[in-house]
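If you're wondering where the values come from, they're calculated on a predicted model, not measured in any experiment. We use all heavy atoms of the structure for the numbers below, so side chains are in, but hydrogens, waters and symmetry mates are not. Lettering follows sequence order; numbering is per chain, from 1.
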Amino acid sequence: MIRPTWIDYVVMAIYFAVVLGIGWALRRRMRTSTDFFLSGRSLPPWVTGLAFLSANLGAQEVIGMGASGAKYGIATAHFYWIGAIPAMVFVGIFMMPFYYGSRARSVPEYLKLRFDEKTRTLNAAAFAAMTVFSSGVSMYAMGKLLNLLLGWDFDTSVLVSAAIVLAYVLLGGLTSAIYNEVLQFFMIVFGFAPLVWIGLRSVGGWGGMTEKLSAVATSRGLPSEAYQHVWQGMGSATTNPIGIEWFGMVMGLGFVLSFGYWCTDFLVVQRAMAADSMTAARRTPLIAAVPKMLFPFLVILPGMIALAMGDNVIPPKLTEAGLPLLDSMGKVVLDYDLATPMMLVKLFPTGMLGLGLTALMASFMSGMAGNVTAFNTVWTYDLYQAHIRKHASDEHYLWMGRAATVGGILLSVAAAYVAGAFNNIMEFLQLVFAFVNAPLFATFALGMFWKRSTGHGAFTGLLAGTMAAAVHHGISLAVGSSPGVKGGYFSPLLSYPSEMAQTFWTAIAAFTTCLVVTIIVSLVTKARDESELTGLVYSLTPRQVDDVKSWWQKPAVAGVAVLVLTAALNVVFF
Amino acid sequence: MTGAAGMDLRTPIGALFVTLGVLLIGFGIATNGDTAMYERSTRININLIWGGVMLVFGTVFLGLARWSAR
């Protein structure tokens, strides 16, 4: 445990003063529900782009990627270079015209316009539950971490952070959340860049780090360069630290999971919908992709450096009795989630420590705010307006949005305490959400690019895909896991080399089932009139005319440039 | 770049980083030579250096906001 000094508290105080000040300055601009939920569709693309990136860059991401860096090495970058960038380019170039152009106010509302009410409600209800749950988990993780690192009281951390998020979202709606996400983006960059710099210096630079990592790899029975290459060990699941072969990786992570998340998750798409024009909306994910491809160096490297430093930088997991947890082989299990926070504490003197801690807290809070703003929109438009009060005045929906913000935060706080009390419930819920999300991309892809797909098809396909995920998970098990929440609850027929491999293949099963079932059911049900689908389906929508002056300003050109740069990074770290 | 929201976001970002930069530079100067304190950051006065980087960044953002407002 360390004690921050007065200067660290001053840094935190200044940051949160600016956060609340932004909400305060925006309070008079929230006149209509469109202002509150969609920022009046008025933000410039650099703002929505950085928010698009930041909304996903919660603390779980920063801490989780540091943890994965310590576990898997540079191969963790697959979550960015394969698992994010191609999907981000795709959503910008091909899907944004339908999200933004259809004037849908949310992703579930697009499903309503394209398919029908039941498909929308299914998606909206699952999404709303998931946002509350994620924001609760975020609060819980922050309270626990601050307690562990600084000895702060768990209840105080949770309640104060909830109050700050509540204040700025109530005052400034989505605009406030987005502005603070941009602020948080810069805090993360300025808080973590010096961490990587000092960290690399302390292990003797890049060369020193790779040398030390080779020793670790050998001691763990992997090829000596396993932590330094992204693709070299991917030929077989036994020669890379992740424990998966390239096909499951590219299909499961790179295609199903990544496209399912970046192309259909309202939390990120909402940021692009707030842009001030179609071209700006399409540029949003492309602008986000540029820092995204460089983020591995900021968030994964601290974990790798922690691993290279050795000397017990990463503390062991503790049992209930406070003793180090041992695995079945009698080896100490490390708490990798503490890799990045421990680096902050070890390398930053007071002053910089305040900056690093503020960056961490900022990302926890913007994670909550992102979820809460997505929740209040989906609740108000897709559940309340669709089912409870259809034709109320705009003021009423604005009021409901504010009420939903308060309700969403209260539910999140409750979820945070549930997470603390029953760890297994959270793991179970996480699993259920994974099953619900896995087939989503099939539904959206068919909806946007196949005019024959129908509402009944989409609805049945989604249910079938979710069931397929549950069944596949129930009949498979990763090596070393026991049946239960980790899978195998029906009977462990399939065995995977790692949990990651099992997750990826579960997603592949869900996607394929949803695709096939949607196609079959669509073919036997009545298609909608083509005239109703203009602006919703690719082949029935006039080609996009970009309002740009020269060819190099076109979103498609930026998309290709982003892909080429990402490919280059893959080659450099092959 | 202001948008209908009426606030140029570069202004508060610039102001935040200028303030933090000045604060850390001041603290870095005051603690310069404290070898025990900077031992952990590989004997670099990271407060002073990084405070400077933030000051420059914040000033550029304030400048951009000013420049586009004219």
Check: Who among A:L355, A:T350, A:V182 has the most heavy-atom pairs with chain B under 4.5 Å?
Finding: A:T350

Check: Atom CZ in B:F17, atom OH in A:Y15: separation rounded to 0.5 Å?
Finding: 8.5 Å

Notebook entry, point to check: Among A:V18, A:I22, A:I7, who wins on heavy-atom pairs under 4.5 Å with chain B?
Noted result: A:I7

Note to self: Let's test your reading of the structure: which of B:T31, B:T42, B:I44, B:V53 forms the most heavy-atom pairs below 4.5 Å with chain A?
What the structure shows: B:T42

Margin query: I need the A:I14 CD1 to B:L20 CG distance, nearest 0.5 Å.
Written below: 5.0 Å

Check: About how many Å separate CG of A:L195 and CH2 of B:W50, when rounded to the nearest 0.5 Å?
Finding: 10.5 Å

Note to self: Measuring from atom CD1 of B:I49 to atom CD1 of A:I198, what distance do you get when rounded to the nearest 0.5 angstrom?
What the structure shows: 7.5 Å

Margin query: Is it the case that the side chain of B:R40 and the backbone of A:V345 share a donor-acceptor pair, with hydrogens and angles ignored and the cut-off at 3.5 Å?
Written below: yes

Item checked: Approximate separation, where rounding is to 0.5 Å, of A:F190 CZ and B:L24 CG -> 12.0 Å

Note to self: Is the shortest side-chain heavy-atom distance between B:I46 and A:W197 below 4.5 Å?
What the structure shows: yes

Next item on the list: Assess whether atom CH2 of A:W206 is packed by more than 12 heavy atoms of other residues, nucleotides or ligands within 6.0 Å.
Entry: yes

Margin query: Quick check: under 4.5 Å, non-hydrogen atoms only, which of residues 54-63 of chain B neighbour chain A?
Written below: B:M54, B:F57, B:F61

Check: Where on B:S41 is there a heavy atom nearer than 4.5 Å to chain A: the side chain, the backbone, both, or neither?
Finding: both

Check: What part of B:I13 gets closer than 4.5 Å to chain A, counting heavy atoms only: side chain, backbone, both or neither?
Finding: both

Notebook entry, point to check: Would you say B:P12 and A:L183 make side-chain contact, with heavy atoms under 4.5 Å?
Noted result: no

